[in-house]
Amino acid sequence: MKKLFYGGKILTMADPLYAEAVLVENGMVMAVGTEERLRGIAQDYEEVNLHGATMMPSFIDAHSHFFQVATSMLQVSINGAKSVEELASRISEYISENAIQPGQWVNVRDYDNNLMPDLKNPTLSQLDAFAPHNPLVIYHKSGHMGLMNSEALERMGITADTPNPEGGRIEVVDGKLTGYLEENAFIESIKKIPLPGPEELANAFVLAQKKYASYGITTVQDGMVVKEMLPMYQLLIQKNLLDLDVMLYPNLESYDAAVQMLHHMPPQPHVKVGGVKIFLDGSPQGRTAWMRQPYLGDDSGYCGYGTLTDDVVTASFEQAAKLNAQLIGHCNGDMAAEQFLRCLEKAEKAYPQLKELRPVIIHGQLLGRDQLPRVRELGAMVSFFVAHVYHWGDVHLRNFGEERASHISPTRSALESNVPFTFHQDAPVIEPDMLETVWCAVNRQTRNGVHLGADEEISTFDALRAITINSAYQYFEEESKGTIAAGKQADFVVLEQNPLEVEKSQLKDIQILETYKNGESIYTRS
């Protein structure tokens, strides 16, 4: 049965920019045009009256961690906690209300030391008191560091004598563990935490999809897949539980396994291996991003640090070229971006096809404006975590000073340098709220109300391009997604107001009314 969408403003993000109606058949856009013309060619069809709302292409998540969004549904959030007492109360309440048994892992998310008194983490003795009968792990909101109590550290086999891994740190003070781990020390440790059962995890993935769809998103990314995750994806495919399109980006060690998993399964439309992912540095708000100039307030000249050597990064690009796979690289600091560009340039001399694979700098928080011409010359693009301006802009002012902080996520400079860019939220770091991100890019206002980097503001239209057209391009799906046009997937989001007509200060307040995937409604606001 065909469907005719009409009765509102249809923002195509194409030329012409607006249409009166859209005709859909078998999940694809059949025609776009006037209501009279489409009714004339449609014959039998179901009417979908937009009742004055605005319909546009659904949003495309350019970078997040789908698996972690699902598992976060099974964790306790301490978002906004500002004291040790509040942490203790909320964790204790969670253990009690959920009847967590002694010995069972307690996973806590959304911790931010930047909200704590004097920016200090809880001590190990305080962590032990939070969950005296359980191994406890507290994930920093950045995803790059965390805290563990004594029971968790013991289960991980971590002692004060455990050597720091390359690109990571286990904090030891006066010969004793503090419970704080960062970067690879934390990331490698949490891989050892037992996953929930398959049924519980499958239900969490269903909830995660509903979360994305509630923000108008129909294509999501899992931005760091390891082999341990693949059986769960196999189960989701077998049980036909996926409504959204999922782009997998394994690490190099897991790439072949991910490709083989899909190869040995019946053809299905929703999961693809998009390429490979590497990490080059850490978090700017956690002061582990790798910078060309020192952080403020550190007399030692501390600049953060990288996680990989040049040889490893260059070899990663070369391996991606051999696999004909796109490489996306986590780079927050400008020195990490420098390493990305330096190694890409070297690899392209042997493998010039890398330019055609659209390598992506992920986050690009402190990407230097002076580096943008090289991004363009090397055929790369950037996916900006531009919502940092609001969520951590005040922290960046403290860590980097006004000059550098004002140029985080340099979107206007990228636009003027003809560097293609997208936007993302790195969920579960923050909610996958695309309209909030558009608001951040257009207004550049911090949580404390500071107007941060007015010269890097962009128009609402260009911000919308970043989450539709450009994101489709990042995934090599520009022929099937990103605009409302004949022959493309019928992936739509229905908005209460037209984002091109509201005051720019109101963009984040626009309500998502409905989300369609291949012409079928997968979310309706209740």
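The existence of a salt bridge linking K191 and E188 is confirmed by a sub-4.0 Å separation between a basic side-chain nitrogen and an acidic carboxylate oxygen. Using a cut-off of 4.0 Å between Lys/Arg side-chain N and Asp/Glu carboxylate O, K141 and D110 are scored as salt-bridged. We find that R369 and D455 are joined by a salt bridge, their nearest charged nitrogen and carboxylate oxygen being less than 4.0 Å apart. Ionic pairing of E318 and K322 is not present here: no N-O contact between side-chain nitrogen and carboxylate oxygen is shorter than 4.0 angstrom. Using a cutoff of 4.0 Å between basic side-chain nitrogens and carboxylate oxygens, E228 and K192 are not scored as salt-bridged. The residues D222 and K277 are annotated as not salt-bridged, no charged nitrogen and carboxylate oxygen being separated by less than 4.0 angstrom. Salt-bridge formation is detected for the pair R374/E338: a Lys NZ or Arg NE/NH1/NH2 atom is positioned less than 4.0 Å from an Asp or Glu carboxylate oxygen. A salt bridge links R169 with E182: the closest approach of a Lys/Arg side-chain nitrogen to an acidic carboxylate oxygen falls below 4.0 angstrom. E86 and K82 are not joined by a salt bridge, as no carboxylate oxygen comes within less than 4.0 angstrom of a charged side-chain nitrogen. E345 and K349 are not joined by a salt bridge, as no carboxylate oxygen comes within less than 4.0 angstrom of a charged side-chain nitrogen.
When all heavy atoms of A152 and W105 are compared, the pair lying nearest together is CB-CZ3, 3.7 Å. Considering every non-hydrogen atom in both V172 and A160, the closest pair reads CG2-O, 3.9 Å. Between A131 and I95, the closest heavy-atom pair is CB-CD1, 3.9 Å. The minimum heavy-atom distance linking I158 with S189 is given by the pair CD1-OG, 3.5 Å.
Between H363 and H63, the angle of the ring planes goes over 60°, which puts this pair in the perpendicular group of the 30/60° scheme. Using cut-offs of 30° and 60° on the angle between ring planes, the pair H330 and H144 is tilted. The aromatic rings of H424 and F385 sit tilted relative to each other, their planes meeting at an angle between 30° and 60°.
Annotation: the span from I170 atom CD1 to T159 atom OG1 amounts to 8.0 Å, rounded to 0.5 Å. Atom CZ in F59 sits 10.5 Å away from atom OG1 in T437 (nearest 0.5 Å). Within the model, atoms OG1 of T309 and CD of Q339 stand 7.5 Å from one another, a figure rounded to the nearest 0.5 Å. To the nearest 0.5 Å, atom OG1 of residue T288 and atom NE2 of residue H140 are 9.0 Å apart. In this structure, CZ on F130 lies 10.5 Å from OG on S89, to the nearest 0.5 angstrom. I361 CD1 to N332 CG: the interatomic distance, rounded to the nearest 0.5 Å, is 11.0 Å.
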- [ ] Dump the intermediate steps for side chain to side chain donor-acceptor pair (under 3.5 Å) on N470 and T422, then the final yes or no.
- [x] CA-CA 6 Å; N470 295 2; T422 63; over 6 Å; no

- [ ] Apply side chain to side chain donor-acceptor pair (under 3.5 Å) to W392 and D112, showing your working.
- [x] CA-CA 10 Å; W392 291 285; D112 190 348; 3.0 Å; yes

- [ ] I would like to know whether E171 and V173 meet side-chain contact (heavy atoms from CB on, under 4.5 Å); could you show each step before the answer?
- [x] CA-CA 7 Å; E171 187 173 70; V173 176; 4.2 Å; yes

Task: Verdict with reasoning, Y249 to V225, per side-chain contact (heavy atoms from CB on, under 4.5 Å) - done: CA-CA 6 Å; Y249 281 79; V225 175; 5.8 Å; no

Task: Test log, rule ring-ring contact (aromatic ring centres under 6.0 Å, His included), inputs F186 and Y180 - done: CA-CA 8 Å; F186 182 68; Y180 172 79; 8.7 Å; no

Open item on the list: With side-chain contact (heavy atoms from CB on, under 4.5 Å) as the criterion, how do F317 and L354 come out once you've worked through the C-alpha distance, each side chain's angles and the decisive distance to 0.1 Å?
Closed with: CA-CA 8 Å; F317 276 119; L354 277 166; 4.1 Å; yes

TODO: Output, in order, the C-alpha distance, side-chain angles, deciding distance and verdict of side chain to side chain donor-acceptor pair (under 3.5 Å) for S409 and T411.
DONE: CA-CA 6 Å; S409 296; T411 50; over 6 Å; no

Open item on the list: As a quick check of understanding, evaluate side chain to side chain donor-acceptor pair (under 3.5 Å) for S283 and Q285, giving each step before the final call.
Closed with: CA-CA 6 Å; S283 156; Q285 67 270 35; 3.0 Å; yes

TODO: I would like to know whether L87 and M116 meet side-chain contact (heavy atoms from CB on, under 4.5 Å); could you show each step before the answer?
DONE: CA-CA 10 Å; L87 289 173; M116 300 291 285; 3.7 Å; yes

TODO: Start with the C-alpha distance between R292 and D334, add both sets of side-chain angles, then the distance that settles salt bridge (Lys or Arg N to Asp or Glu O under 4.0 Å), and finish with yes or no.
DONE: CA-CA 6 Å; R292 290 186 288 187; D334 50 9; 3.2 Å; yes

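Between F205 and F67, the ring centre distance stays below 6.0 Å. Taking the six-membered ring for Trp and the full ring otherwise, F400 and Y295 have centroids separated by under 6.0 Å.
Panel note: side chain T307, backbone G167; no donor-acceptor pair is recorded below 3.5 Å. In this structure a side-chain-to-backbone donor-acceptor pair under 3.5 Å is missing from D462 to I458. For the pair T71 (side chain) and Q68 (backbone), a donor-acceptor distance under 3.5 Å is present. Between the side chain of R358 and the backbone N or O of Y473 there is at least one donor-acceptor pair closer than 3.5 Å.
S64 and Q221 form no side-chain donor-acceptor contact under 3.5 Å, judged by distance and modelled atom types alone. With hydrogens and angles left out, the side-chain atoms of D128 and S125 include no donor and acceptor closer than 3.5 Å. Inspection of the H391 and E436 side chains reveals an N or O donor paired with an N or O acceptor under 3.5 Å. Looking at D281 and Y305, their side chains never bring a donor and an acceptor atom within 3.5 Å of each other. A donor atom on one side chain and an acceptor atom on the other are not found under 3.5 Å apart for R444 and H451. Side-chain polar atoms of E456 and S413 form a donor-acceptor pair below 3.5 angstrom. Judged purely by distance below 3.5 Å, without hydrogens or angles, the side chains of Q445 and Y390 never pair a donor atom with an acceptor atom. No donor-acceptor contact under 3.5 angstrom links the side chains of N79 and S77, judged on distance only.
In this view, V273 and P250, Y255, A258, V259, L262 satisfy the side chain to side chain contact (heavy atoms under 4.5 Å, CB included) rule, not counting sequence neighbours. Considering only residues two or more places apart in sequence or on other chains, R342 meets the salt bridge (Lys or Arg N to Asp or Glu O under 4.0 Å) condition with D310. With sequence neighbours excluded, no residue forms a salt bridge (Lys or Arg N to Asp or Glu O under 4.0 Å) with R109.
Counting non-hydrogen atoms of neighbouring residues, nucleotides and ligands closer than 6.0 angstrom, the CD atom of Q506 exceeds 12 such neighbours. Sparse packing is recorded around CD of E154, with 12 or fewer heavy atoms of other residues, nucleotides or ligands lying under 6.0 Å away. Crowding of K504 atom NZ: a count of heavy atoms from other residues, nucleotides or ligands under 6.0 Å exceeding 12.
Side-chain contact between Q365 and H396 is present, with heavy atoms from C-beta onward closer than 4.5 Å. Side-chain contact between I328 and I362 is present, with heavy atoms from C-beta onward closer than 4.5 Å.
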